[in-house]
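Working notes, structure below.
Every value quoted in this text rests on a predicted model; they were computed, and no experiment measured them.
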Amino acid sequence: EVLDREPLVHAARLLILECTFLDDRVPPALAHAKGHVHLEDLVERADLLCNEAILLTHMSARYDDATILRRLDARLPPDLRARVTPLLRGPRDDS
């Protein structure tokens, strides 16, 4: 758990963090066993994360951009949500 091992993570001005799984299709324990961060890890530590901005990366391909935004809006407390930006895929141009 990178969020538990390093207190500097809680205070970095900009935290860039992978957050691969966002829902119960992959529960937090399984995400951790695979070496990943789950959205619930941020929810559980919302009061510890004092970062000015948090950039979430490496979301599973099972989530499209709209789903990612809905999950963040639904699960993160408003103060934390205001500081979190997901790195979205955006429209693809396969031409």
Hydrophobic clusters here meaning ILVMFWY residues chained together by side-chain heavy-atom distances under 4.5 Å, can you tell me if L48 and L15 are in one? no

Same cluster (ILVMFWY, side-chain, under 4.5 Å), L88 and F21: yes

Could you give me the CA-CA distance, side-chain angles and deciding distance for V37 and L42, then say whether side chain to side chain contact (heavy atoms under 4.5 Å, CB included) is met? CA-CA 8 Å; V37 173; L42 276 74; 3.9 Å; yes

Could you walk me through whether D23 and H38 satisfy the side chain to side chain donor-acceptor pair (under 3.5 Å) test, starting with their C-alpha distance in whole Å, then the side-chain angles of each, then the deciding distance to 0.1 Å, before giving a yes or no? CA-CA 8 Å; D23 60 24; H38 194 287; 5.7 Å; no

Could you state whether V43 and Y63 fall into the same hydrophobic cluster, counting links through intermediate Ile, Leu, Val, Met, Phe, Trp or Tyr residues with side-chain heavy atoms under 4.5 angstrom apart? yes

May I ask you to check whether over 12 heavy atoms, not counting those of D24, lie within 6.0 Å of atom CG? no

Measuring from H36:NE2 to S60:OG, what's the distance to the nearest 0.5 Å? 8.5 Å

Using modelled atom types only, decide if a donor and an acceptor are shared between the side chain of N51 and the backbone of I54 within a distance under 3.5 Å. no

Considering all heavy atoms, the nearest D47-E44 contact: OD1-O, 4.0 Å

Distance from R13 atom CZ to C50 atom SG, nearest 0.5 Å? 14.0 Å

Mind running side chain to side chain contact (heavy atoms under 4.5 Å, CB included) on R81 and L72 for me, showing each step along the way? CA-CA 7 Å; R81 179 62 184 101; L72 296 180; 3.5 Å; yes

For P86 versus I68, what's the shortest heavy-atom pair and its separation? CB-CG2, 3.8 Å

Interatomic distance, CG@L14 vs CG@L55, rounded to 0.5 Å, equals 6.5 Å

What I want to find out is whether R75 reaches E40 closely enough, with some N-O distance under 4.0 Å, to be called a salt bridge. yes

If you look at every heavy atom in R62 and V26, which pair is closest and at what distance? NH1-CG2, 3.7 Å

Pairwise distance OG1(T20) to CE(M59) - rounded to 0.5 angstrom: 9.0 Å

Are L3 and I16 connected into the same hydrophobic cluster when the rule is that any two of I, L, V, M, F, W, Y join if their side-chain heavy atoms are below 4.5 Å apart? no

Closest heavy-atom pair and its distance - L56, C19: CD2-CB, 4.0 Å

Checking H32 side chain against P28 main chain: does a donor-acceptor pair fall under 3.5 Å? yes

Looking at NE2 of H58 and CG of L87, how far apart are the two atoms once the value is rounded to the nearest 0.5 Å? 11.5 Å

Heavy-atom side-chain contact between T57 and L17 under 4.5 Å: no

Check: R71 side chain, L22 main-chain N or O, donor-acceptor pair, under 3.5 Å: yes

